[in-house]
Amino acid sequence: MKAHSSTSSSLVEGRSKVAVDYRYLRMARIWAENSYCKRRQVGALVVKDKMIISDGYNGTPSGFENVCEDDMGVTKPYVLHAEANAITKLARSGNNSEGSTLYVTASPCIECSKLIIQAGIRRVVYAEKYRLTDGIDLLTRSGVEVEYLSLEDGCSSSSKSL
């Protein structure tokens with residue numbers, strides 16, 4: 001009987017973890033609405049010990065006009081990704097991201113993945129796949145746990161970890 005209790009307890013914990021993941025991903029999607037980018041709005045949250053320790057969305061650096069695309073609709077080269085904004089905000093705040101989870105509405109690119117690894121973030125949960133997988137591949141190679149959860153269908157579509 002004890003084994004059954006342990007099994008059902010781990011199932012509840014697993015469901016609870018997925019429910020929390022969806023909650024933070026939905027919050028990241030709402031946070032993305034702060035972006036002035038027209039082509040694509042991306043949001044990110046860094047969570048540690050059940051607390052949001054940083055947030056970010058894609059946009060221009062501080063002091064720049066809030067225009068992300070040029071007249072041709074091409075993203076300006078100095079626009080920061082949501083993950084980069086969240087990580088640099090962490091650096092300025094003095095918070096420690098070691099062992100934290102990053103929730104982001106789109107899969108990280110390779111440049112953001114390098115920052116994620118260096119920041120000590122141990123888990124990344126993302127909601128939209130991108131055509132290039134080099135960022136996800138790098139995270140997986142480095143031992144960062146990576147999970148894709150579709151916000152559209154409300155259930156885990158795939159899971160990938162090393």
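The structure displayed is predicted, hence computed values, not measured ones. For this chain, numbers begin at 1 and follow the sequence in order.
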key: 4.5 Å side-chain heavy-atom contact, I136 and Y126   =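 Result yes, sub-4.5 Å side-chain heavy-atom pair found.
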
query = Looking only at heavy atoms, which two atoms of E147 and R123 are closest? And how far apart?
reply =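 Nearest heavy atoms, E147 then R123: OE2-NH2, 2.9 Å.
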
key: Enclosure of D49 CG (heavy-atom neighbours >12, cutoff 6.0 Å)   =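 Count not over threshold, so no.
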
task = Give a yes or no on this: more than 12 heavy atoms of other residues, nucleotides or ligands lie within 6.0 Å of atom NZ of K76.
result =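 Yes, NZ of K76 has more than 12 neighbouring heavy atoms, counting only those of other groups under 6.0 Å.
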
For a quick test of your reading: what N or O donor-acceptor pairs under 3.5 Å do the side chains of residues 102-113 make, sequence neighbours left out?
residue : atom : partner : partner atom : Å
Y103    : OH   : D21     : OD1          : 2.7
T105    : OG1  : G43     : N            : 3.1
S107    : OG   : Y130    : N            : 3.2
E111    : OE2  : K114    : NZ           : 3.1
S113    : OG   : C109    : O            : 2.9
S113    : OG   : G135    : O            : 2.9

Disulfide (SG to SG under 2.5 Å) contacts touching residues 63-94 (sequence neighbours left out) =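 Of all non-adjacent pairs touching residues 63-94, those that pass disulfide (SG to SG under 2.5 Å) are C37-C68.
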
Does [X] have any side-chain hydrogen bond (donor to acceptor under 3.5 Å, both in side chains) partners at least two apart in sequence or in another chain, and if so, which?
X    : result
Q118 : none
N85  : none
R39  : T75

ask   = When Ile, Leu, Val, Met, Phe, Trp and Tyr are grouped by side-chain heavy atoms lying under 4.5 Å apart, directly or through other members, which residues fall in the same group as Y78?
value =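 Its cluster mates, by chain and number, are F64.
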
key: Atom pair CD1 (I121) and NZ (K48), whose distance is rounded to the nearest 0.5 Å   =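 Going from CD1 on I121 over to NZ on K48, the span is 10.5 Å.
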
message = With side-chain contact (heavy atoms from CB on, under 4.5 Å) as the test, pick out the partner of S97 among I116, L90, V47.
response =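 Answer to the side-chain contact (heavy atoms from CB on, under 4.5 Å) test with S97 among I116, L90, V47: L90.
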
